[in-house]
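First up is the structure itself, then whatever we jot down about it.
Because the structure is predicted, anything quoted here is derived from the model rather than measured.
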Amino acid sequence: NRRKIIPLVIVFGLFAILSNLTGIKITPNNIETSGLLTHIKPTTSIANTRSLAISVSGFVGGPIVGGFVGIIAGLHRVFQGNGGGLFYCFSSPIIGCLAGLSSKYLKHPGSLINPNRGFIAAAILEGIQLLFIAIFTPDGLNLIRIIALPMLILNSVGTFIFISTIHNTLTQEEQARAIQTHDVLSLATKTLPLLRTGLTPQHAQELATIIKRYTKVSAVSITDKKKILAHVGAGIDHHFPTHDVITELSLHVIETGKMAVAHN
């Protein structure tokens, strides 16, 4: 779905670029941390969380999202290195696509990849990135000895935390929906017997009381097309049974059949 893919690519693409800019600069002579790494020498390497952003984008959005985020991250890395590290244009999209493809086999339908599996998959994907660095970077083996362990730990643990956070958020949303569904079914069970015998003023008053208790709103008013049948809660001093439907908003809803909200 294009509406979902584009926002995910933009968000994770920005995350990947930010990772490029905030890494640790490694030169043949020393390791240094500094501000934003907008430009570096072609012979300089960066230890960062770029792979984390690419991998998670694939786990969340699939191979298309992961691939595009990888392209963004790789191109920015080449631009950042003044043309150096061209292999990132290939390794980063590969990692993103593999993350998206692996998530299809490591997750249940309609859910997100398990954080533990994400941890292992992220370590493997980071290993692929490190392999590219070892092969295509000058003095790559010495560089790998320095960055391999921290990069593997950082990106794997970061992926685990990121996916766990998303999992917890989705779980809370599902629980909230389950509670809402339960309340709606309970409300229907209590109100349907009243509605079967017709919406009389007495039944309307009972109905309004039940609805107010379940919805926790300030007031509930029930009308027919001409007058107020029942009112419970705030405004009872001027919204009471047998009065005409006095608000323009109420009349508008009756005429159009569409919900409207009063903000004051």
Nearest non-hydrogen partners of Ala99 and Leu125, listed with the distance | CB-CD1, 3.6 Å
Would you kindly confirm whether Leu101 and Phe90 end up in one hydrophobic cluster when ILVMFWY residues are joined by side chain heavy atoms under 4.5 Å apart?
-> no
Please output the side-chain donor-acceptor pairs of residues 55-67 that fall under 3.5 Å, not counting sequence neighbours, one pair per line with the distance.
unit_1: Ser55; atom_1: OG; unit_2: Ser51; atom_2: O; d: 2.8
unit_1: Ser57; atom_1: OG; unit_2: Ala53; atom_2: O; d: 3.4
unit_1: Ser57; atom_1: OG; unit_2: Ile54; atom_2: O; d: 2.6

Taking side chain as C-beta onward, heavy atoms only, is Gln205 less than 4.5 Å from Val232?
-> yes
Residue pairs, two or more places apart or on separate chains, that pass side chain to side chain donor-acceptor pair (under 3.5 Å) and touch residues 143-158 | Glu126-Asn155, Asn142-Arg145
Look up atom CD1 in Ile71 and atom SG in Cys97, then write down how far apart they are to the nearest 0.5 Å.
-> 7.5 Å
Say you draw a straight line from CD of Glu173 to CG of Leu170; how long is it, rounded to the nearest 0.5 Å?
-> 6.0 Å
Note: with side-chain heavy atoms under 4.5 Å as the link, the other cluster members for Phe79 come out as none
Beyond-backbone contact of Leu75 with Cys89, side-chain heavy atoms, under 4.5 angstrom | yes
4.5 Å side-chain heavy-atom contact, Phe12 and Ile72 | no
Same cluster for Ile135 and Ile144 if Ile/Leu/Val/Met/Phe/Trp/Tyr side chains link at under 4.5 Å?
-> yes
Kindly indicate whether the side chain of Thr223, heavy atoms from C-beta on, has any atom under 4.5 Å from the side chain of Leu229.
-> no
Between Ala234 and Ala219, the two heavy atoms sitting closest are O-CB, 3.3 Å
Sequence neighbours left out, what passes side-chain contact (heavy atoms from CB on, under 4.5 Å) with Val11? Give chain and number order.
-> none
Connected via hydrophobic side-chain network under 4.5 Å: Leu86 and Tyr88 | no
Is there a side-chain contact between Ile147 and Leu130, using heavy atoms and a 4.5 Å cut-off?
-> yes
Apart from Ile153 itself, which Ile, Leu, Val, Met, Phe, Trp or Tyr residues share its cluster (side-chain heavy atoms under 4.5 Å, direct or through members)?
-> Phe119, Ile120, Ile124, Leu149, Val157, Phe160, Ile161
His76 side, atom NE2; Asn20 side, atom CG - distance, nearest 0.5 Å = 5.5 Å
Looking at CZ of Arg50 and CG of Leu21, how far apart are the two atoms once the value is rounded to the nearest 0.5 Å?
-> 11.0 Å
Under 4.5 Å side-chain linkage, directly or through intermediates, the cluster mates of Leu141 | none
Taken in chain and number order and not counting sequence neighbours, the residues that satisfy side-chain hydrogen bond (donor to acceptor under 3.5 Å, both in side chains) with Asn82 are none
Could you note down all residue pairs passing ring-ring contact (aromatic ring centres under 6.0 Å, His included) where residues 132-153 supplies at least one of them, sequence neighbours left out?
-> Phe87-Phe136, Phe132-Phe136
Which value, rounded to the nearest 0.5 Å, describes the distance between Ile222 atom CD1 and Leu207 atom CG?
-> 4.0 Å
The side-chain contact (heavy atoms from CB on, under 4.5 Å) partners of His167 (sequence neighbours excluded) come to Leu112, Pro115, Ile163
Selection residues 178-205 - residue pairs positive for ring-ring contact (aromatic ring centres under 6.0 Å, His included), sequence neighbours left out = none
Would you say Ile40 and Leu18 are hydrophobically clustered, going by side-chain heavy atoms of ILVMFWY under 4.5 Å?
-> no
Sorted by chain and residue number, the side-chain hydrogen bond (donor to acceptor under 3.5 Å, both in side chains) partners of Thr49 (sequence neighbours excluded) come out as Ser19
Hits for side-chain hydrogen bond (donor to acceptor under 3.5 Å, both in side chains) against Ser91, two or more places apart or cross-chain, chain-then-number order -> Gln129
Do Leu154 and Leu52 belong together in a cluster built from hydrophobic side chains that touch within less than 4.5 Å?
-> no
Out of curiosity, Phe15 CZ to Leu8 CG, how far, rounded to the nearest 0.5 Å?
-> 13.5 Å
Nearest heavy-atom contact between Ala260 and Val253 is CB-CG2, 3.8 Å
